[in-house]
Number of protein chains: 2
Amino acid sequence: MSSPAPPDAVIRAWARLERAHRAAQSTVEARLRKAGLPPLAWYDALLELERADPAGLRPFELQKEMLFAQYNLSRLIDRLEAAGYVARSASEEDGRGQRLTITKSGRAIRRRMWPVYADAIAAAVGSRLSESEATTLGDLLSRLYVRA
Amino acid sequence: MSSPAPPDAVIRAWARLERAHRAAQSTVEARLRKAGLPPLAWYDALLELERADPAGLRPFELQKEMLFAQYNLSRLIDRLEAAGYVARSASEEDGRGQRLTITKSGRAIRRRMWPVYADAIAAAVGSRLSESEATTLGDLLSRLYVRA
DNA sequence: TCCATATAAATGCAAATGCATCAATATGGA
DNA sequence: TCCATATTGATGCATTTGCATTTATATGGA
């Protein structure tokens with residue numbers, strides 16, 4: 001059940017995706033940490049919840065949005081809740097489910113993270129690509145995760 | 001010391017880099033695991049060592065190649081050595097250092113991983129982009145980690 | 001209605017990661 | 001030569017991740 005070997009260009013793209021991600025990710029995480037702020041994943045989750053307001057999101061929706069593993073998301077929410085940034089409440093449509101909403105202080109911390117995060121993105125990506133290159137890159141990357 | 005806000009295209013590229021990487025990575029890791037093979041990082045390290053033969057590599061060289069954190073690499077090597085895939089020996093040029101070489105069974109496992117890995121790359125990337133798109137993607141990604 | 005199966009979310013336990021720090025050797029002046 | 005500083009690599013400890021499984025509820029037939 002083996003497909004033909006992927007072309008070199010494909011293998012190279014994959015390998016570079018790994019490296020580029022590692023480099024950019026570590027830049028961003030390091031800057032957030034140095035500023036005494038929570039990690040990246042917190043920002044992403046909070047942003048999604050803020051966008052989804054006011055009804056909030058079900059965990060499985062957030063999970064699909066973030067492409068996070070279910071058990072990881074479950075624990076990420078634990079931490080966000082413990083920090084007071086997210087509120088869990090029982091879902092009314094589904095007895096198994098919950099509904100997540102961002103709290104006031106969740107909004108506040110997200111806002112506080114943004115300048116540091118934005119700077120880090122600028123350093124990791126903005127300073128290295130033109131705007132049109134960034135657009136091209138984003139378009140190609142999105143093809144790697146939209147349903148095949 | 002805050003730069004101007006990064007353009008939307010840059011932010012989008014960053015966000016998509018995260019998601020694309022998560023999607024592709026989890027595809028690849030899942031397939032390797034399902035096949036009862038070691039994780040991705042083992043492959044990458046073994047490949048670098050195989051390419052570097054016969055002198056092998058110093059850990060810090062491998063580290064730079066893989067963009068791995070020093071302590072992570074140190075432990076990755078522990079595991080590779082424990083599995084018998086890599087040999088550590090004292091460096092002759094530098095009393096602090098080591099030299100890493102791939103063993104016969106390291107080569108064997110890498111070879112055994114390749115078909116599964118290649119298939120996974122094909123699924124995660126190859127099936128979604130043309131060859132020339134993959135080239136463009138790879139070129140742009142490499143800009144994100146070569147020394148700024 | 002009942003049951004088999006699917007889906008939502010949590011969790012126990014093992015493994016990997018991150019952070020800070022350490023020990024050992026190298027190096028480059030004064 | 002000596003010492004301050006840098007570099008190589010390992011490690012203790014806390015946190016996070018991954019895997020497998022579990023609990024609870026939903027759903028769609030027979």
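Note on naming: letters A, B, ... go to the chains in the order of the sequence lines (proteins, then strands), and numbering restarts at 1 for each one. Note: hydrogens, waters and symmetry copies are ignored here, and every other heavy atom, side chains too, is used. Because the structure is a prediction, the values reported are computed rather than measured.
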Under a 3.5 Å limit for both distances, which nucleotide forms a Watson-Crick or G-U wobble pair with D:dG12, could you say? C:dC19
Determine which nucleotide pairs with D:dA30, using a 3.5 Å limit on both distances of a Watson-Crick or G-U wobble pair. C:dT1
Let me know the distance between [atom1] of [X] and [atom2] of [N], rounded to the nearest Å.
X: A:R96; N: D:dA24; atom1: CZ; atom2: P; answer: 14 Å
X: B:Y71; N: D:dT15; atom1: OH; atom2: P; answer: 15 Å
X: B:I77; N: D:dT8; atom1: CD1; atom2: C1'; answer: 11 Å
X: B:R99; N: D:dT8; atom1: CZ; atom2: C1'; answer: 13 Å
X: B:Q63; N: C:dG18; atom1: CD; atom2: C1'; answer: 14 Å
X: A:L73; N: C:dT11; atom1: CG; atom2: P; answer: 14 Å
X: A:K64; N: C:dT7; atom1: NZ; atom2: C1'; answer: 9 Å
X: B:F68; N: D:dG9; atom1: CZ; atom2: C1'; answer: 16 Å

Return no unless some side-chain N or O of [X] is found under 4.0 Å from OP1 or OP2 of [N].
X: A:R79; N: D:dT17; result: yes
X: B:R88; N: D:dT8; result: no
X: A:R58; N: C:dT7; result: no
X: B:N72; N: C:dG18; result: yes
X: B:Q98; N: D:dA10; result: yes

Please check this pair: side chain of B:R110 against backbone of B:Y85, looking for a donor-acceptor N/O pair closer than 3.5 Å. no
By nearest nucleotide on DNA chain D, pick out whichever of B:S74 and A:L76 is the more 5' one.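 So the residue in question is B:S74.
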Assign A:D94 to base, sugar-phosphate, or nothing according to its heavy-atom contacts below 4.0 angstrom with the strands shown.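 The residue A:D94 makes sugar-phosphate contact but no base contact.
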Is A:E93 atom CD crowded by more than 12 heavy atoms from other residues, nucleotides or ligands, each under 6.0 Å away?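 Yes.
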